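Below is one structure, written out as structure tokens; the observations come after it.
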Amino acid sequence: MKLKRKDLLEMRSLDREEIHLFLDTAESFKEVLTREIKKVPTLRGKTVVNLFYEPSTRTRTSFELAGKRLSADVIHIATQASSVVKGETLLDTARNLEAMGADMIVLRHPAPGAPHLLARTLRSSVINAGDGAHEHPTQGLLDLFTIRERLGRIEGVKAAIVGDILHSRVARSAIAGLTKMGAKVRVSGPPTLLPLEASTLGVQVCPTMEEAVRGVDVIMMLRLQLERQGRGFIPSLREYARFWGLTEGRLRLAKEGVLIMHPGPINRGVEIAPEVADGPYAVILDQVTNGIAVRMAVLYLLSGEGGSSGLEEAA
């Protein structure tokens with residue numbers, strides 16, 4: 001199968017067949033990461049530009065490594081040191097990058113819908129690396145990949161997503177991907193941090209964390225998005241940790257061998273206890289590793305090089 005789209009903007013627009021293609025391709029590329037020379041010539045001559053308007057460590061570095069592992073030319077634009085500070089618009093910046101030969105633009109932006117604007121305007125492929133509180137599709141894909149790798153399946157898996165769902169683009173992508181692939185999803189968090197439309201997303205809304213995690217295969221904890229919240233959503237961090245933090249006691253309510261996931265960065269002692277984050281059930285660092293393979297797959301498939309025969313040759 002060849003991907004029939006030039007952009008990756010959101011999980012909810014992908015069908016099951018496309019998701020399977022991304023995950024299967026990532027599985028092939030993960031083998032490349034175990035080699036002594038972790039590089040293939042697949043995207044030699046292609047140019048990937050990381051255009052990040054918000055701070056990032058994992059996502060930006062992961063895309064940079066993914067591009068370099070595929071032998072692409074990778075450029076990172078630090079917007080605080082670019083013409084953006086002189087008033088240049090996002091669209092003008094992107095058009096200039098395309099005029100310089102950018103084949104793919106990886107965009108992180110605080111405004112929901114910003115990648116969609118570029119995708120409608122540019123010939124270059126646009127990859128959404130997080131747009132406000134809207135979506136983060138490559139995080140959703142790497143979460144699905146990690147679950148499938150560890151549990152051997154996604155369909156029928158019971159997953160709990162806990163925390164600041166209202167402001168979380170990670171949660172929106174995870175819910176879209178998990179439900180589309182047949183998982184049963186519960187969400188829980190302070191009522192002030194649950195979106196009004198939560199009950200319409202095909203998930204079970206649980207009033208307490210204990211109810212959410214009881215008997216589940218996967219617990220996905222979310223970071224408090226304090227930079228997006230303003231004031232008044234929670235009384236204090238201490239109270240949030242008391243009612244919504246993942247402790248060893250709450251962990252025992254889940255299924256034996258439960259996977260503990262977190263998109264990072266972790267607020268230790270707030271949404272997750274240190275002993276849980278570093279415990280045997282945590283796959284948080286596996287998510288980071290898998291993020292490189294998944295983003296290699298995304299760059300490869302969106303480049304137009306995708307296809308089973310081409311992949312075998314590339315890997």
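All values reported here derive from a predicted model rather than from experimental measurement. We number each residue from 1, following the sequence as shown.
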Is the shortest heavy-atom distance from the side chain of Arg5 to the side chain of Leu14 under 4.5 Å? yes
All heavy atoms of Glu135 vs all of Met11, minimum pair found to be OE1-N, 2.7 Å
So, taking the atom named CG in Leu246 and the one named CD1 in Ile272, what distance separates them when rounded to the nearest 0.5 Å? 5.0 Å
Between Pro112 and Ala133 the two heavy atoms that sit nearest each other are CG-N, 4.3 Å
So if you build clusters from Ile, Leu, Val, Met, Phe, Trp, Tyr with side-chain heavy-atom gaps below 4.5 Å, do Val298 and Val288 land together? no
Which heavy atom in Asp7 sits nearest to a heavy atom in Ala119, and how many Å separate them? OD2-CB, 3.4 Å
Would you check if Leu8 and Leu141 make a side-chain contact, meaning some heavy-atom pair closer than 4.5 Å? yes
Test side-chain hydrogen bond (donor to acceptor under 3.5 Å, both in side chains) applied to Glu98 and Ser124, step by step: CA-CA 7 Å; Glu98 184 174 66; Ser124 304; 3.0 Å; yes
Working to the nearest 0.5 Å, report the span between CZ of Arg44 and NZ of Lys39. 8.5 Å
Set out, in order, the CA-CA distance, both residues' side-chain angles and the distance that settles side chain to side chain contact (heavy atoms under 4.5 Å, CB included) for Leu21 and Leu3, then state yes or no. CA-CA 8 Å; Leu21 178 61; Leu3 195 67; 4.2 Å; yes
Taking C-beta and beyond as the side chain, do Asn50 and Thr59 meet within less than 4.5 Å on heavy atoms? no
Using atom types as modelled and distance alone, determine if a side-chain donor or acceptor of Arg95 lies under 3.5 Å from a backbone N or O of Thr121. no
Considering residues, nucleotides and ligands other than Lys158, do more than 12 of their heavy atoms fall under 6.0 Å from its NZ? no
Other residues, nucleotides, ligands: >12 heavy atoms within 6.0 Å of Arg252 CZ: no
Tell me if a side-chain donor or acceptor on Arg223 pairs with a main-chain N or O of Gly264 at a distance below 3.5 Å. no
Of Lys184, Arg148, Arg16, Lys180, the one forming a salt bridge (charged side-chain N to carboxylate O under 4.0 Å, His left out) with Glu155 is Arg16
Checking the side chain of Asp131 only, and the main-chain atoms of Gly113 only, is there a donor and an acceptor separated by less than 3.5 Å? yes
Can you list everything that forms a side-chain hydrogen bond (donor to acceptor under 3.5 Å, both in side chains) with Gln139? Sequence neighbours excluded, please. Asp143
Heavy-atom nearest pair, Pro190 first then Trp244, reads CG-NE1, 3.4 Å
Under the 3.5 angstrom rule, does the side chain of Ser71 hit a backbone N or O of Thr42 as a donor-acceptor pair? no
Heavy-atom side-chain contact between Ile154 and Leu178 under 4.5 Å: yes
Counting only heavy atoms not in Arg12 (residues, nucleotides, ligands), do more than 12 fall under 6.0 Å from its CZ? no
Is the shortest distance from a Lys or Arg side-chain nitrogen in Arg214 or Glu210 to a carboxylate oxygen in the other one below 4.0 Å? no
Count the heavy atoms of every other residue, nucleotide or ligand shown that sit under 6.0 Å from CD of Glu17, and state whether that count exceeds 12. no
Do Leu142 and Met261 share a hydrophobic cluster, counting only Ile, Leu, Val, Met, Phe, Trp and Tyr and linking them when any side-chain heavy atoms are less than 4.5 Å apart? yes
So CG of Leu122 and CG of Leu91: to nearest 0.5 Å the spacing works out to 6.5 Å
Are the side chains of Leu194 and Leu166 in contact, using a 4.5 Å heavy-atom criterion? no
Side chains of Leu237 and Asn267, heavy atoms from C-beta outward: is any pair under 4.5 Å? no
Hey, mind stepping through Ile219 and Tyr281 against side chain to side chain contact (heavy atoms under 4.5 Å, CB included) and telling me if it holds? CA-CA 10 Å; Ile219 302 174; Tyr281 302 119; over 6 Å; no
Check the orientation of Tyr300 and Phe29. Use parallel for under 30°, tilted for 30 to 60°, and perpendicular for over 60°. perpendicular
Backbone of Thr47 reached by a side-chain donor or acceptor of Asp103 within 3.5 Å: yes
Contact check, side chains of Glu271 and Leu222, non-hydrogen atoms, under 4.5 Å: no
Got a donor-acceptor contact below 3.5 angstrom from the Ser125 side chain to the Met104 backbone? no
Donor-acceptor under 3.5 Å (Gln287 side chain, His262 main chain): yes
Using a strict threshold of under 4.0 Å (side-chain N to carboxylate O), is an ion pair present between Asp278 and Arg268? yes
Nearest atoms (heavy-atom pairs only) where Asn290 meets Thr146: ND2-OG1, 3.0 Å
Quick one: pull up CG in Asp92 and CG in Leu97 and give me the separation to the nearest 0.5 Å. 11.0 Å
Measure from NZ or CZ of Arg108 to the centre of the six-membered ring of Phe52 and say whether it is under 6.0 Å with the direction within 45° of the ring axis. no
Dump the intermediate steps for side chain to side chain contact (heavy atoms under 4.5 Å, CB included) on Leu144 and Phe22, then the final yes or no. CA-CA 10 Å; Leu144 291 177; Phe22 280 120; over 6 Å; no
List the steps and the verdict of side chain to side chain contact (heavy atoms under 4.5 Å, CB included) for Val40 and Leu70. CA-CA 5 Å; Val40 289; Leu70 295 169; 3.8 Å; yes
State the CG-CD1 distance between Leu107 and Ile127, to the nearest 0.5 angstrom. 10.5 Å
When clusters are formed by joining ILVMFWY residues with side-chain heavy atoms under 4.5 Å apart, either directly or through shared neighbours, do Val294 and Leu9 land in the same one? no
Do Leu253 and Met209 sit in one hydrophobic cluster, given that two such residues count as connected whenever their side-chain heavy atoms are within less than 4.5 Å of each other, even indirectly? yes
Determine whether more than 12 heavy atoms belonging to other residues, nucleotides or ligands lie under 6.0 Å from atom CZ of Arg238. no
Please examine the side chains of Arg172 and Pro195, heavy atoms only from C-beta on, and report whether any two atoms are closer than 4.5 Å. yes
When hydrophobic residues are tied together by side-chain contacts of less than 4.5 Å, even through go-betweens, does Ile147 share a cluster with Ile175? yes
Would a distance-only check, ignoring hydrogens and angles, find a side-chain to backbone donor-acceptor pair under 3.5 Å from Lys255 to Val218? no
So CE of Met220 and CG of Leu259: to nearest 0.5 Å the spacing works out to 10.0 Å
If you take all heavy atoms of Leu251 and Val258, which pair is closest and at what distance? CD1-CG1, 3.6 Å
Under a 4.0 Å N-O cut-off, is there an ion pair linking Arg60 with Glu64? yes
State which residues pass ring-ring contact (aromatic ring centres under 6.0 Å, His included) with His20; sequence neighbours excluded, sorted by chain then number. none
